[in-house]
Structure formats: C-alpha cells, structure tokens
Amino acid sequence: MEKKKGIGTLCVQAGYKPGRGESRQIPIIQSTTFKYETSDQMGRLFDLEDSGYFYTRLQNPTDDLVAAKITALEGGFAGMLTSSGQAANWFACLNICQAGDHIVSTNNIYGGSFNLLGTSFRKLGIDVTFIHADSSEEEIRAALRPNTKLIFAEVLSNPSVEVLDIERYARVAHAFGVPLIVDNTFATPVNCRPIEFGADIVTHSTTKYMDGHGVAVGGAIVDSGNFPWSDWPERFPGLCTPDASYHGLVYTQAFGKGAFITKAVSQLMRDFGAQQGPQNAFYLNLGLQSLHVRMQRHCESAMQVARFLQGHPDVAWVRYPGLESDPYHALAQKYMPGGTCGVMCIGLKGGRDFDNRFMDALQLITIETHVADCYSCILHPASHTHRQLSDEQLREAGIDPGLMRLSIGLEDAADIIDDLDQALRAAH
Ligand SMILES: *Cc1c(COP(=O)(O)O)cnc(C)c1O
C-alpha cells in the first residue's frame with residue numbers, strides 16, 4: 001500500500017493529478033454547461049445512472065477538484081463546495097432534516113449559524129435545542145428527542161475559541177443513532193481532523209483560513225461515509241426511501257457511502273443552487289496550497305501575542321487555548337496538539353471608553369468584521385456586530401461586554417505586539 005502522505009503534501013497536491021500535457025495547476029472551467037453526443041447520454045445523467053457534468057448550478061469540474069482536496073485533508077469519503085460557509089451548514093443539516101424534525105446544537109456557535117438554526121430553520125418547522133458546549137453526556141442525552149436528527153457543534157468556536165470534546169459528542173450521537181456534524185472552520189484540517197475522533201460530517205467556511213487572503217467567500221461539506229443511515233430508515237427517509245424526483249431512486253442503496261453528498265448535490269444544489277463559482281474555487285485552491293505553512297505561522301504568532309497580552313498590566317484576561325492557563329488547554333492538547341488557530345479573545349481593564357480609544361489607536365491591526373486571514377484584525381462585538389444589545393442582553397447571549405476578538409494575521413509578530421503596546425499606551 002502507498003504510504004499515507006503528510007498534510008502539507010495533501011494541501012499542495014491532493015485532488016488533482018494532471019495527465020500528459022495537461023495544466024499543472026487546477027484549471028478554471030468557466031462554463032455553465034457541458035456538451036453530450038446523444039440524447040440518451042444526457043438522459044442517463046438526469047437519471048443519475050451516469051456521472052458527468054451538465055450544469056454548473058449542480059456541479060463544476062474545478063469545484064470538484066478543490067472539494068476532492070478538502071475531502072482528502074479531512075480524511076473523508078466525499079465532499080462538495082458551496083457558495084459560503086452559511087450554505088455549507090444549511091445544506092449539511094437540511095440534507096437530513098425536514099419540517100417536524102429537531103436538531104441539538106451547542107450554543108457557542110458562530111452568530112450566523114445561530115441565526116440559521118434558531119431563526120430560519122425554526123421558520124421551516126425544524127426545531128432546535130441549544131445546549132452548552134461543555135455539557136456532560138447526560139446533559140447532551142437529555143436534549144435529544146425522538147425526532148432529533150443530528151447534533152451540530154463547532155470544533156473551535158467562533159469567537160470564543162472553546163474546544164469541543166468531539167469524542168464525547170460522537171459517543172452520545174452514535175448511541176442514540178444520529179450523526180455528529182461539526183464546523184471545523186477555525187482549526188482547519190491542518191490542526192484537527194474531526195472524523196478521526198468520530199465526527200460524521202464536517203463543514204467549513206472556506207472564507208476564513210482556507211482561502212486565507214480575504215478574497216473569496218465559500219464553504220465546503222465533507223462526509224466521512226461512516227454514518228449507517230440505513231440502520232434507521234424511518235429516521236432518515238430522505239436518504240433511505242425512494243426519491244420521487246429521481247424515479248424512485250434510494251440514495252443509500254444506489255450510492256452507499258456516497259449517499260449523503262450525492263443527495264446534497266442532486267437534490268439541494270439542484271433546488272437551492274448555492275454553488276461556488278469556479279473562479280472562487282480556483283482562489284480557494286491557491287489558499288489551500290499554503291494552508292499548512294500559514295496555520296503554523298498564525299499559531300506561533302498568536303502564542304507570542306497571547307503571552308505578551310497576558311503579562312500586560314492593562315489587560316484583564318486573555319482566552320487562547322494555547323495558553324497553559326486556558327480552561328480549554330487540555331482539550332486543545334488532545335484534539336489539536338499542533339496548535340489551534342490565530343484567533344483569541346481579550347478583555348481590558350479600562351472600561352468601554354478605554355476599549356474604544358485602544359481600538360482607534362491601532363495602526364497595523366485593522367477594525368473589521370472578518371477573522372482568520374492574513375491581516376491582523378480586531379472586533380468588539382458590543383460596539384460592532386452586537387451593538388443593538390444592552391450589556392445585560394450581551395451577558396445573556398454569553399458575550400462579555402468587554403470581549404474583543406483579536407485575529408492574528410501573518411505580519412511579523414514583533415510588529416503586531418508593538419502595535420498593541422503603543423495602542424494600550426495611547427488609550428490612557
Ligand atoms: C464565518 C463562519 C461561518 C459562515 O461562513 P461564511 O463563509 O461567512 O458564510 C460559519 N461557521 C464559522 C465557524 C464561521 O467562522
């Protein structure tokens with residue numbers, strides 16, 4: 001058997017092997033549609049009896065090459081790209097759930113995911129119970145209902161950088177008979193491969209570290225192929241009973257381990273059309289090719305910055321799982337021993353006006369809503385994304401009014417530290 005390749009080799013090469021005289025780099029197939037010789041060939045595609053491209057709303061060759069790379073990085077069976085991280089989580093959940101169903105989710109997930117599940121899914125008739133990410137097995141079990149179809153969580157939460165005990169969640173999910181879907185955006189497969197710890201489906205906002213340069217919004221879904229859908233055919237009718245829109249085809253029977261992704265492409269992409277454009281997939285691949293190098297640098301610099309801030313008299317607290325004092329340090333050591341990511345949360349001692357003077361004085365670090373790319377940036381939820389909430393409402397939502405999310409980019413760590421130092425001085 002061929003020796004298993006390292007993660008860096010996969011970042012550069014996985015998913016695409018050009019033949020003689022073909023382009024070394026993944027080509028951009030900028031075409032909405034694809035040509036066939038006979039009417040029968042086209043007919044067989046629409047019956048899912050042949051595989052082949054026919055319309056980019058469903059599938060595009062450039063997207064598939066990049067999806068194959070992300071699938072290899074995660075150690076999954078099959079994968080697909082989506083137009084955004086929001087679309088990835090939407091499709092991953094809606095591929096299993098319908099009106100009348102129920103989802104259990106951790107409550108520390110990204111704000112957009114919280115709205116997706118808590119607002120839009122509820123409007124679709126899919127109910128959600130939010131639980132604390134540190135819940136015990138009994139507490140997770142207590143949230144499950146007969147109509148629960150999946151458990152959703154973030155591996156490393158945005159923005160609170162809390163580490164999920166993936167194995168605990170996988171144990172409860174599998175004992176009950178539902179898949180564990182995890183969003184692995186912040187750790188990336190370079191630092192954590194959740195499928196190795198029992199996660200069934202992994203999602204990404206590729207907009208963050210995977211792209212890494214702030215150029216292309218995108219998402220990805222990777223299926224491990226491990227979840228035994230057909231053990232519970234009544235629970236997962238969409239996968240285990242005939243699909244009338246494909247002449248009664250049963251996904252689990254026709255596609256085995258590929259059932260989940262085939263259904264998501266042929267049903268959800270067909271009907272909702274949240275495809276990633278091939279040009280964006282090309283940019284995403286450029287990001288992936290240096291992901292392993294960049295993640296290491298993000299983590300090293302973040303560690304230096306976290307230590308600097310921890311020792312600074314104006315800083316009340318620093319939350320970064322790389323710090324030995326962090327409540328999630330032990331879990332981080334287990335699930336992401338090579339490092340977590342470049343994001344940390346900090347609180348200053350001087351109060352709201354001091355916070356604002358500090359942010360205004362930053363010169364290299366920019367104020368922006370984005371995180372997790374090459375530019376160092378900062379966001380203060382109480383003044384920015386969540387400014388309509390009172391301090392009391394913020395605390396109810398689990399957000400310390402003083403919390404600032406600091407994302408360490410790829411600039412020199414010494415320059416980032418100098419900038420923080422001068423801004424803290426200027427805020428006095
Ligand atoms: C940003 C983000 C999303 C949403 O992704 P978009 O690409 O912005 O749609 C989902 N999950 C996490 C953890 C994120 O950070």
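What you see is a predicted model, and the numbers here were worked out from it, not measured in a lab. In listed order, ligands and their atoms are each counted from 1. Counting begins at 1 with the first residue of the sequence.
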- prompt: Counting heavy atoms only, which of T185, D183, L156 is nearest atom 11 (N) of ligand 1?
  reply: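 When every heavy atom of T185, D183, L156 is considered, D183 comes closest to atom 11 (N) of ligand 1.
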
task: State whether a side-chain donor-acceptor pair under 3.5 Å links E154 with N108.
output: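 Short answer, no.
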
- request: Examine the side chains of E411 and S376 and answer whether a donor and an acceptor come within less than 3.5 Å of each other.
  value: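 The criterion, which ignores hydrogens and geometry beyond distance, is satisfied for S376 and E411.
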
message: Pairs of nitrogen or oxygen atoms closer than 3.5 Å, one from N158 and one from ligand 1: do any exist?
response: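 There is such a contact, yes.
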
- prompt: Is F186 in polar range of ligand 1, meaning some N or O pair under 3.5 Å apart?
  reply: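 No; every N/O pair is 3.5 Å or more apart.
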
query: Closest heavy-atom contact between L58 and R270?
result: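 Heavy-atom minimum between the residues: CD2-CB, 3.8 Å.
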
Numbering as shown, the atoms of ligand 1 that approach [X] to under 4.0 Å (heavy-atom distance):
X	answer
S84	7 (O), 9 (O)
G218	7 (O)
T207	6 (P), 7 (O)
E154	13 (C)
Q86	4 (C), 5 (O), 6 (P), 9 (O)

Among all protein heavy atoms in this structure, tell me which lies nearest to [atom], with the distance rounded to 0.1 Å.
atom	value
atom 15 (O) of ligand 1	K208 NZ, 2.6 Å
atom 4 (C) of ligand 1	Y110 CE2, 3.4 Å
atom 6 (P) of ligand 1	G85 N, 3.4 Å

Ring centres under 6.0 angstrom apart (F260, F77):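 They do not qualify: ring centres at least 6.0 Å apart.
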
Proximity of F34 and Y55 rings by center, below 6.0 Å: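 Ring centres of Y55 and F34 not closer than 6.0 Å.
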
List, one per line, each side-chain donor-acceptor pair under 3.5 Å for residues 179-201, sequence neighbours excluded.
residue: D183; atom: OD1; partner: T185; partner atom: N; Å: 3.0
residue: D183; atom: OD1; partner: T185; partner atom: OG1; Å: 2.6
residue: D183; atom: OD2; partner: N89; partner atom: ND2; Å: 3.2
residue: N184; atom: ND2; partner: E74; partner atom: OE2; Å: 3.0
residue: N184; atom: ND2; partner: C192; partner atom: O; Å: 3.0
residue: T185; atom: OG1; partner: S205; partner atom: N; Å: 2.8
residue: T188; atom: OG1; partner: V190; partner atom: N; Å: 3.2
residue: N191; atom: ND2; partner: G339; partner atom: O; Å: 3.3
residue: N191; atom: ND2; partner: T340; partner atom: O; Å: 2.9
residue: R193; atom: NE; partner: E196; partner atom: OE2; Å: 3.1
residue: R193; atom: NH1; partner: P189; partner atom: O; Å: 2.7
residue: D200; atom: OD1; partner: H174; partner atom: NE2; Å: 3.2
residue: D200; atom: OD2; partner: H174; partner atom: NE2; Å: 2.7
residue: D200; atom: OD2; partner: L180; partner atom: N; Å: 2.8

message: Under the salt bridge (charged side-chain N to carboxylate O under 4.0 Å, His left out) definition, can you give me all pairs with a residue in residues 357-370, not counting sequence neighbours?
response: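 Found none.
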
message: Checking the side chain of R319 only, and the main-chain atoms of V161 only, is there a donor and an acceptor separated by less than 3.5 Å?
response: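 A pair under 3.5 Å: yes.
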
